[in-house]
Amino acid sequence: MIRTQVAPLPAVQAPLSGALGLVLAEDLRAPADQPPFPASIVDGFALRAVDGDRPRRLVGQQMAGYVADLTVEPGTAVRITTGAPIPPGADAVAMVERADEADGWVTLHSGPALRPGEGIRAIGADVQAGQQVLTAGQTLGPAELGMLASLGRAAVPVHRPPVVGVFSTGDELVDPGQPLAPGQIYDSNRPALLAAVARAGGQPLDLGIIADQPGALEQALDAALARADLLVTSGGVSMGELDLLKPLLARRGQVHFGRVRMKPGKPLTFAALPALRDNGAVDPDQSARPIFALPGNPVSALVTFQLFVRPAIRRMAGHAAVSLPQINAALGHEFRLDRERPEFHRVTLRREGGRFVALSTGSQASSRLLSAAGADGLLVLEQADGILPAGVERPVLLLDDLWLSG
Ligand code: AMP
Ligand code: MG
């Protein structure tokens with residue numbers, strides 16, 4: 001259902017400095033040979049291989065960055081540095097460690113004869129003009145950005161990463177840094193979800209805390225539908241009296257699903273609402289905006305984000321691989337299964353003799369953020385009656401670049 005509602009966003013030009021982690025939208029070819037001139041691979045002496053081991057007269061030097069007016073005639077040599085253009089007449093470069101220079105003469109040490117071409121990087125040796133160097137769909141990392149810069153490109157066509165609006169709902173919520181009145185709690189979902197959006201490759205848009213009032217919620221929704229490609233809310237989707245979001249979504253658009261058989265995260269709701277213009281009118285040129293209304297409990301919000309929202313963000317950003325990476329791990333102790341729902345149990349992982357071992361982060365109460373803080377992954381436990389013994393293997397979805405101690 002989610003896949004039918006989200007598609008890769010169109011291409012935009014991004015400067016290289018802003019393109020890290022974005023997805024290339026077009027195949028790219030090299031406009032010119034690399035190197036564009038025959039270049040020395042070493043510091044040494046440019047010379048003619050055919051002159052053998054007789055001493056050569058030094059006629060000048062060629063450093064990197066310009067072209068000296070020098071020609072290597074028979075019996076001569078030019079002092080040269082790495083990356084400098086090979087002077088006409090030379091067909092090899094002897095590295096400085098293989099030669100002695102004295103009184104304007106260069107003598108090669110005894111050893112294997114220099115072969116023509118030795119010490120020289122030919123035109124196009126690294127990349128040839130017209131060669132395809134990057135493929136649409138590739139994620140731009142340091143090497144890809146360096147490659148683009150080496151071709152002289154300052155900007156690159158990428159899929160625009162989605163703007164992801166995030167608001168929290170709840171009359172009890174207060175921003176951290178403020179004092180708490182009786183009955184209030186801090187809004188922890190918004191900072192956590194904004195960070196999760198950024199890490200998933202979206203552009204986070206902070207839309208604040210919204211009160212549990214139909215008018216306030218609808219206003220927040222309208223603002224979000226005009227500004228965000230995708231909307232993530234938390235709270236207000238369970239069965240309580242002030243869980244007002246789901247009926248509002250149903251009235252304004254289409255609720256694709258409103259419950260998921262999983263632990264934690266049962267109230268997860270996915271809807272799509274028409275995009276709005278700045279003046280509040282429906283924008284028929286834009287596709288419907290996907291909306292994830294996440295449960296209010298902090299762990300449920302984060303787990304459902306990783307399993308449902310992250311893939312949607314990554315798909316919009318053009319990634320082909322959208323799911324969390326998965327490994328198998330042996331249970332480090334017994335795990336009780338849930339009879340009603342499959343469970344995504346937060347675990348830490350350690351390496352033990354070539355395999356991964358998963359250990360529970362403790363109480364899995366969906367309010368207990370400590371079960372998620374420091375977790376390496378989500379252990380996938382099937383819905384069943386009973387207990388899994390230590391040692392059996394189950395899949396673990398990795399939450400981050402895996403940082404395993406030991
Ligand atoms: P709800 O789904 O709105 O009924 O919220 C479920 C539980 O999560 C309640 O205990 C809320 O107080 C709590 N909760 C809801 N939103 C947040 C939030 N943004 N930060 C921390 N806790 C929250
Ligand atoms: Mg609430």
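Just so you know, these numbers use all the heavy atoms, side chains as well, and skip hydrogens, waters and symmetry mates. First listed ligand is number 1; within each ligand, the first listed atom is number 1.
Aromatic ring pairs are classed by plane angle as parallel below 30°, tilted from 30° to 60° and perpendicular above 60°; the pair His345 and Phe335 is perpendicular.
Put simply, the side chain of Glu340 never gets that close to the backbone of Asp338: no donor and acceptor are under 3.5 Å apart. One N or O on the side chain of His333 and one on the backbone of Ser360 form a donor-acceptor pair closer than 3.5 Å.
Taking all heavy atoms of Glu172, Met239, Gln184 into account, the minimum distance to atom 11 (C) of ligand 1 is reached by Glu172. Among Gly296, Gly183, Pro267, the residue whose heavy atom lies nearest to atom 8 (O) of ligand 1 is Gly296. The residue from Leu245, Val237, Leu294, Asp187 that puts a heavy atom closest to atom 19 (N) of ligand 1 is Asp187.
Between Glu352 and Arg350 there is a salt bridge, since at least one side-chain N of the basic residue sits less than 4.0 Å from a carboxylate O of the acidic one. A salt bridge is absent between Arg79 and Asp43; no separation between the charged side-chain nitrogens and carboxylate oxygens falls under 4.0 Å.
The single protein non-hydrogen atom nearest to atom 17 (C) of ligand 1 is Asn189 ND2, 3.3 Å, given as residue, atom name and distance. Scanning the protein for heavy atoms near atom 7 (C) of ligand 1, the closest one is Asn297 OD1, 3.6 Å. Regarding atom 21 (C) of ligand 1, its nearest protein heavy-atom neighbour is Ser188 OG, 3.4 Å.
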**Request:** Might you work through the salt bridge (charged side-chain N to carboxylate O under 4.0 Å, His left out) test for Arg252 and Glu218, ending with a clear yes or no?
**Result:** CA-CA 9 Å; Arg252 292 284 305 271; Glu218 187 146 26; 2.9 Å; yes
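Ligand 1 places these atoms under 4.0 Å from at least one heavy atom of Asp243: 3 (O), 4 (O). The Gly236 neighbourhood of ligand 1 comprises atoms 1 (P), 2 (O), 3 (O), with distances under 4.0 Å to a heavy atom of that residue. Below 4.0 Å from some heavy atom of Tyr186 lie the following atoms of ligand 1, by number and element: 20 (N), 21 (C). Short contacts between ligand 1 and Ser238, defined as distances under 4.0 Å to a heavy atom of the residue, involve ligand atoms 1 (P), 2 (O), 4 (O).
Looking at Leu173 against ligand 1, only its side chain comes within 4.0 Å, counting heavy atoms. Of the heavy atoms in Ser168, only side-chain atoms (C-beta onward) come closer than 4.0 Å to ligand 1. Looking at Arg190 against ligand 1, nothing comes within 4.0 Å, counting heavy atoms. The side chain of Ile185, and not its backbone, has at least one atom closer than 4.0 Å to an atom of ligand 1 (non-hydrogen atoms only; side chain from C-beta on).
By the 4.5 Å heavy-atom criterion applied to side chains, Gln383 and Arg339 are not counted as neighbours. Using a 4.5 Å heavy-atom threshold, the side chains of Leu58 and Val78 count as separate.
When the shell of 6.0 Å around CZ of Arg98 is examined, it contains more than 12 heavy atoms from other residues, nucleotides or ligands.
Polar contact with ligand 1: absent for Gly235 (N/O pair, distance under 3.5 Å).
The only option from Val309, Ile291, Val166, Val163 that meets the side chain to side chain contact (heavy atoms under 4.5 Å, CB included) definition with Leu230 turns out to be Val309.
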